[in-house]
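A quick write-up on the structure given underneath.
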Amino acid sequence: MNNWWINAILALLFWPGLLSGALFGWFLLWMSRKFIARLQGRQGPPFYQPFFDFWKLIGKKTIIPNGVNPVLFYALPIIGLISIIFALALLPVPGSSGISFEGDLVLLIYLIEMPVLMDVIAGYVTRSVYAQVGATREAILTIAYNLPFLGALIALAVRLHSFKLATFAAAPISIATILAAVALFVALLAQLKVNPFSIPNAEQEIVAGIHVEYNGLPLALFELTHALETSLLVGLISILFIGPFTSIWMKLLIFFVVAVVVILLTNITAAGTARLKVQHAFKFYWTWGIAATVLVVAAALIL
Amino acid sequence: MPYKLPLGPLHPAFEEPYKLTLSCKGEIVEDAQVEVGFVMRSIELLAQRRNYIRDLVLVEHVCGICSNVHASTMAMAVEKIGGITVPDRARYIRTIMGELERLHSHLLWAGIGAEDIGYHSMFMEIYFLRERVMDILEAISGNRVNYGMISLGGVTRDITDPKSILAMAEEIKKGLEKVVIPIFTQDKTIIARTKGIGTLSKDDALMYGTVGPLARASGIEEDIRESFPYAAYDDLGFKKVVLDSCDVQARVVVRALEMMESIRLIEEALKNLPSGPIRPEQVPLTIPDGEATARSEAPRGEVFYYVKSNGTDTPARVKIRTPSFVNIPSIRAMVKGQYLADMPLIQASIDPCCSCTDR
Amino acid sequence: MSNIFSRLIQTSRRRSPWVYRINAGSCNGCDIEVAPCFSPRYDGEQIGAVLQGSPKHTDILLISGPITLRTQEMVKDVYQQIPSPKAVIALGSCPASGNVFHGSPTIVGSAEAVIPVDLYVPGCPPRPQAILEAIQKASVMLEKGETRSQREVSHE
Amino acid sequence: MDDRIIKLMEQTGLEKPEERIDGIWFASQTIDRQKLADSVHKLELRLSTATCLERGDGEFDVLYHFVHGSLALNIRVTTKNQHLPSLAAFLPSASWIEREMNDLYAVEFDGHPDPRPLVRPAQVPAGFFRKSVAESLLKESEAK
């Protein structure tokens, strides 16, 4: 019993939770920026950039906008952050001492949706018309990208007869897993809000989108949540590929390599495209998303 | 539920302060109100208190992007009143500066337009090329912005080494042909974001009195460089670009093709640069009684100057009409029924310049 | 422990200057020289500088133009929206002296009269290199607590 | 002379054209704004801008500049008690031009559909480009 608690706390705070999740997320975000900069013929930021961006925001004074409930103003990013830490702790990364039980996938999906929900609420409560437009767009996009995202995860669960994430990580690589990874990748573009699906953050028409009124510590927490979300969502794709390997170091290596490849692919897509409008993005997910889902489900059931 | 979305006066999509109040229903824009005047510096009033030499510097600051054309149009009006003839070499150098300015302005616009549809990589490509144009401008005038090249009756600095400039121009031409023109005219995401968006019919364009690439993209055949040539355009020959699809894409293509024509004019002028002085030996400080108008084609369209002189060294009245002053009101005709996400691009497609509009 | 934290935050202020730009009646000359600062040739991202769309996310305010009467209140408002610590850089000759617009009845002619300015960048317009240098200097000022927003707070 | 000018003279009753190096100049006190607007629209002439000049006797000259290609046409009218009939009521492109003239010289345009200030800041009085007003304002601001 005692052991279980210690393991859970280790998973939440160190591996794969807060500390390593943040470091890994920051690393992935830095790599995105650097890679895009190099593609555009620039030098790009030094590798510690996201780390210092976070600490600088912590050190700034926080201005609570007029007419906004201060408790709600702070609570939203904190709830989002806590849910994403718990979600990370569920991730069966190699060497994790974390919690694992039948049905943890359902909990994970719920926890992943929390920060998005908090974002949308944050957009509405800050009483800025820009944030509200951004929140509407994010809400619409959530409905769209969840189709391939949930479709892929459910198809895998059906195939493996299990709703346990550890089973996913232990499963051998098959056509179904690869298709599922592709579907997850398609959803990832919108989940990370990169081009061509960056419309909720479209700086040019709605200033800074949902977080336009946020500043200082709460903004830093949102940024941290974003970093953790990045490592979680990329990690979720990575664990599909570590099944066949037995040595923990090999598993770690594959986990890391797949994550880097996924981030690079994301950024190649982002650098080569313009921003799509909401209705275009929605249409994209409802046509290609359905196609991908059907394909994954078919592969899961037949192959 | 209809709501009002204010864009500006300070907004990341706008280079300058002006206010666009959109009445929206969901993501659809129903109407727009434009408010200008934030950059009012009373340049016309100041010009009526300073002598002609200081005025040329002052009117350059009407707009930092098309500074040269303001100075040269003011000089043209004053030269008409004073009967000053401009030497051939100066006419050619004025043309070269005018076309270089057009190149840098169109590239600047293209970069901002790319940013407005969230295409950062294209912004970077275009700004990389634009730096080459800035290099030429710096090599000729010694400055990157606000060149101070125009004097009454001529220009202040000579082009001493046309060959090296020609080589640099060649490089820009390659960049335009390989990068900018294909992106502008063929890139799928760009076409998806621009085709059929922000239509301004020919009738509306006439009614609002629009000028420049905006008017030419709506089928109005008007380019002063061709219809009423000044500087060296008569000698060099000029072909205007007119399209009639009236949407944002047409404006993109018109500007892209205009850049090719500009680079041709620059090369032609550099190759045939006449020898001789760059300004008359003696330029009078006082200008005789009289009034004159002058027009020339700035990157954004027709610039109009009216100068009245009362025989002293200070003009009695300087009236400046800039292209954006007539182009900006036409936003209203373009936005009805468009998506909110297209608004930054639509307002950018007319290339609004508020420091011109307000003066 | 708190010492390490405050040191970390100070360093991060130097490493991560987020920039917001206001055009307060400029002729555009300064503004079109800000955009190249973030383009391939000059690339401000190397020193961590990023252009931000909202004043609430900003550390350094770039202000250009002679401050026209109609932008005066907007400038004050934006300055107040920026969470401290913050630095203000006045770009070009206009916010320093009014430049060629000196004497016009519709301008204030001095940024100092409206908000506290930390750094002036000379030039009409200043070159991108000079603008980037100013951003870097301002971020060092933020690190050392030398900006006027920081000093005026500590006096209180 | 250009056909279009002759047609315009027939349609609007303008007379005594003066040809100069930079176009045709007319002076008229009685021109009908609606006829002028209809006629220039038919001939595809664009209203480039209008200039306001101080005459010195308390009244103002307003020059309407029309252009099309190489054709430049200037029509001079004079205010009565600083009032003029509005052209914007018939020609939308005149709207901003007349609003601006009202800001700068306090010339009233009767029948303007939208007579709000355009560029004038609230801190300065309407007509601040007039010599008398400008002198005092400039002295004040130069003293600062």
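Only a predicted model underlies this, so the values are computations on that prediction, with no experimental measurement involved. Quick note on labels: first sequence line is chain A, next is B, and so on, each numbered from 1.
Taking the side chain as every heavy atom from C-beta outward, B:Cys356 and B:Cys66 approach each other to under 4.5 Å. When side chains are defined from C-beta on, B:Cys63 counts as touching B:Cys353, because their heavy atoms get closer than 4.5 Å. Side-chain contact between B:Val62 and B:Ile320 is present, with at least one heavy-atom pair separated by less than 4.5 Å. Annotation: side chain of B:Ile43 is not in contact with side chain of B:Val318 (no heavy-atom distance under 4.5 Å).
Across all non-hydrogen atoms, the minimal contact from B:Thr357 to B:Ser324 is OG1-CB, 3.3 Å.
The parts of C:Pro36 that come within reach of chain B are both its backbone and its side chain, each placing non-hydrogen atoms under 4.5 angstrom from that chain. Interface residue C:Val78: only side-chain heavy atoms are found under 4.5 Å from chain B. Looking at B:Asn143, the atoms closer than 4.5 Å to chain C (heavy atoms on both sides) sit in the backbone and in the side chain alike. Interface residue C:Tyr42: only side-chain heavy atoms are found under 4.5 Å from chain B. Within the 4.5 angstrom heavy-atom criterion, only side-chain atoms of B:Arg50, from C-beta onward, approach chain C. Neither the backbone nor the side chain of C:Asp43 comes within contact range of chain B; no heavy atoms are under 4.5 Å apart.
Using a 4.0 Å cut-off between charged side-chain N and carboxylate O, B:Arg102 and B:Glu99 make a salt bridge.
The stretch residues 126-134 of chain C places C:Arg127, C:Pro128 near chain B, each with some heavy atom under 4.5 Å from a heavy atom of that chain. The contact list for residues 85-98 of chain C toward chain B, using heavy atoms and a distance under 4.5 Å, is empty.
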Checklist entry - Step by step, would you call B:Glu44 with B:Arg49 a salt bridge (Lys or Arg N to Asp or Glu O under 4.0 Å)? => result CA-CA 9 Å; B:Glu44 287 176 15; B:Arg49 295 174 56 85; over 6 Å; no
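Side-chain atoms of B:Arg321 do not come within 3.5 Å of backbone N or O of B:Lys319 as any donor-acceptor pair. When atom types are taken as modelled, the side chain of B:Thr73 and the backbone of B:Tyr305 share no donor-acceptor pair closer than 3.5 angstrom.
No hydrogens or angles considered: a donor-acceptor pair under 3.5 Å links the side chains of C:Ser26 and C:Asp31. Residues C:Gln10 and C:Arg13 bring no donor and acceptor atom of their side chains to less than 3.5 Å of each other.
Judged by the 6.0 Å and 45° rule, B:Arg130 forms a cation-pi pair with B:Tyr127. Judged by the 6.0 Å and 45° rule, B:Arg157 forms no cation-pi pair with B:Tyr147.
In terms of heavy-atom pairs under 4.5 Å with chain B, the best-connected choice from C:Ser64, C:Ala24, C:Gly29 is C:Gly29. Contacts with chain C were tallied for B:Met124, B:Met40, B:Arg144; B:Arg144 has the most, counting heavy-atom pairs under 4.5 Å.
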